[in-house]
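First the structure, in the form of structure tokens, and then the observations on it.
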There are 2 protein chains.
Amino acid sequence: MTPSARPTIRDIAREAGVSVATVSRVTHDDPRVVEPTKQRVQEAIDRLGYRPSAIGRALSLQRTSTLGIVLPGLGGPYFAQLIEGAETVAVERGVVINVVGTHLRPDAVDAVRQLAERTDGLIVAGGTLPDEEVVSLAKAGRVILVAGEAEGVPAIVTDGRAAASALTLHLIDHHGYRRLRFIGEPHGSPDTAWRYEGFRAALAERGIEEAGEPLRLGLDVRSGAVAARELHAHGELPEALVCANDELAIGMLATLPGLGYRIPADVAVTGFDDHALAEIASPRLTTVHQPIAELGARAAAGALGEPIDDLTTLPTELVVRESCGCAEEADPPT
Amino acid sequence: MTPSARPTIRDIAREAGVSVATVSRVTHDDPRVVEPTKQRVQEAIDRLGYRPSAIGRALSLQRTSTLGIVLPGLGGPYFAQLIEGAETVAVERGVVINVVGTHLRPDAVDAVRQLAERTDGLIVAGGTLPDEEVVSLAKAGRVILVAGEAEGVPAIVTDGRAAASALTLHLIDHHGYRRLRFIGEPHGSPDTAWRYEGFRAALAERGIEEAGEPLRLGLDVRSGAVAARELHAHGELPEALVCANDELAIGMLATLPGLGYRIPADVAVTGFDDHALAEIASPRLTTVHQPIAELGARAAAGALGEPIDDLTTLPTELVVRESCGCAEEADPPT
DNA sequence: CTAGGTCATGTAACCGGTTACATCAAGCAC
DNA sequence: GTGCTTGATGTAACCGGTTACATGACCTAG
């Protein structure tokens, strides 16, 4: 960013009648510079409006003070929370965060490589890049994988498999549902895949057959609405719909009543993530709470050099509300 | 990102027995290099796993092929769409996008200055930085302001004032409401401020007194729920609630029925932005559609050097659905 | 008075690329 | 054979910082 010829350290040195080393020292508050000199330099800096070039500095220091985050897209609260978590750590260390979304970039791999060049560390969300690319990035620099796995790359995850299984068992054992269906595309992301696995494992454990193939759709609200209409169009609904995330579930919550189904009386719906709307929606959504910000924070710390295990698993919590069929709890609306 | 000593262009030159200039030419597909030499160099590159350093290149070229976007936070679809719009333009030009959220950074100004160093252009959302900082950034580089205004900085906006006014007049003239209240903090962002202005202008035009101070809250779903409870607790509701954005409105839509109010029979609710949920929610939300992706795309083009007017105003569209009291249109749910 | 030490500052190499210009060999015309 | 052109490649300066080491002024102890 240099249209109007920014002054360089050498301009300041000339202006103040000192050497570049002295200017550099002043900008670093080096105590070796004597007061009058420091003042003269500071004046020159102010007069010319000098700000050291981050690129020059990065080249010299071999360090950028930047952390990169690679996400599929920026939509949705999941990623916003992840970033916020990382941000808390980054702020502490004077590091700035750069985010790229791969979702709609045909050249995602290139974009990420370019990002990797400019950062001291990288947080990569599972499902954004081919495994071998993650491995190769990790060979060249510090990379932490979030909600994903790749050979030899430290990863931070939640145990979505176990959580989905617990959720599904709640539906089976507590409510007695035996016709259940999973909504979401397991191949879309490792997170979804794990959730689907947990779902199937629970069914298998209770000797139940799946009510149908997973309904393969995106993870957004609109897909939830589409799913609802599709299920309706194809005839009878299962007893319970296990959605891959809350947004999908919220889309269903909003759409199913209009099609004549009562939730949870006619069909139970569950989500995943504990979205802000989950406890506001009606009925309130049964879901799984995940420490997403914590995930981001740990990943950031690791990416910035803190020692980290090969695999960190953070705990999840089943949040039982009403959409699964459980009675409304005592919870004062006002 | 250089833990495992990456090879530099000089390593390759030595390995291939040529000069750095030749290596540089090979990496640029310069036709002047003769085939056998090119091959020898390429082999050295592959053998050592060389990738040119983006920082070295940036320093030399005085260009980073990077576009920065400064947003308050990354939450919510508004910003996700803005980024997507920018991304389409960036992809075309082989530029990568870096996003920073200022929301929870006490050192936002520093973070943005650092970003500005590393980018060829900057898109700044209104309300993220003090005006004078935006002006000073614009002095040093190419800056486009989105949904904001600052002396001498090219801006792209939608006419939120006119849109809010049209929306409010619809509530007054078409539905006959005369007790209206605005939900949102006008000082929070220019966008909200303009919407509030439009709201007040409409009331003034019809000689109506405002039903109360704006209810000053954040722009998220949860705040909508809080607002609903607060209004309920303080006694009677106005006839119509004009929310600063859809998320706020969706929070109210989800909460008010539980408190015993029917929408729109007892109270009308409107939003702003045309969120994905707006047409799925029930009742379907009356709101204002904004070409957000277009906003992002234009801003990106401008920030990357395309000539741009001082002020570009993009059109909005009033989307009348049910939450304002209009009858359900013919719209087949399946 | 001098050797040695301390301190403020300067000099110049270095980080990893790009590129203007120099160099040198080969080909060609006379 | 000489001079000129053309083409492939090399040399070295430059981008904007940082910093190890050099320098030289001044102080102090012997």
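Being a predicted model, the structure only gives us computed values, none of them experimental. Quick note on labels: first sequence line is chain A, next is B, and so on, each numbered from 1.
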Could you check how far [atom1] of [X] sits from [atom2] of [N], rounded to whole Å?
X	N	atom1	atom2	result
B:Leu59	C:dC14	CG	C1'	12 Å
B:Tyr50	C:dG16	OH	P	10 Å
B:Arg14	C:dG16	CZ	P	12 Å

Legend entry - Pair of N/O donor and acceptor under 3.5 Å linking C:dG17 base with B:Ser60 side chain: yes
Legend entry - Side-chain N,O (A:Gln62) to OP1/OP2 (C:dC14) below 4.0 Å: no
Legend entry - Below 4.0 Å: OP1/OP2 of D:dG10 and any side-chain N or O of B:Thr22: yes
Legend entry - Comparing B:Leu61 and B:Pro31 on DNA chain D - which has the more 5′ nearest nucleotide: B:Pro31
Legend entry - First encountered from the 5' end of DNA chain C, between A:Arg32 and A:Arg10: A:Arg32
Legend entry - 5' precedence on DNA chain C between A:Val34 and A:Val20 (nearest-nucleotide basis): A:Val34
Inset, instruction - Please tell me which of the listed nucleotides, D:dT11, C:dT18, C:dG10, lies nearest to the side chain of B:Ser24? - result: C:dT18
Legend entry - Per B:Arg25 side chain, nearest of listed nucleotides D:dT18, D:dT9, C:dG17: D:dT9
Inset, instruction - Describe the nucleic acid contact of A:Arg63 in one word from base, sugar-phosphate, nothing, applying a heavy-atom distance below 4.0 Å. - result: nothing
Legend entry - Non-hydrogen side-chain atoms of B:Leu129 and B:Leu137 separated by less than 4.5 Å: yes
Inset, instruction - Report yes if the side chains of A:Ser136 and A:Glu133 come closer than 4.5 Å at any heavy-atom pair, otherwise no. - result: yes
Inset, instruction - Indicate whether any N or O donor in one side chain lies under 3.5 Å from an N or O acceptor in the other, for A:Asp110 and A:Gln114. - result: no
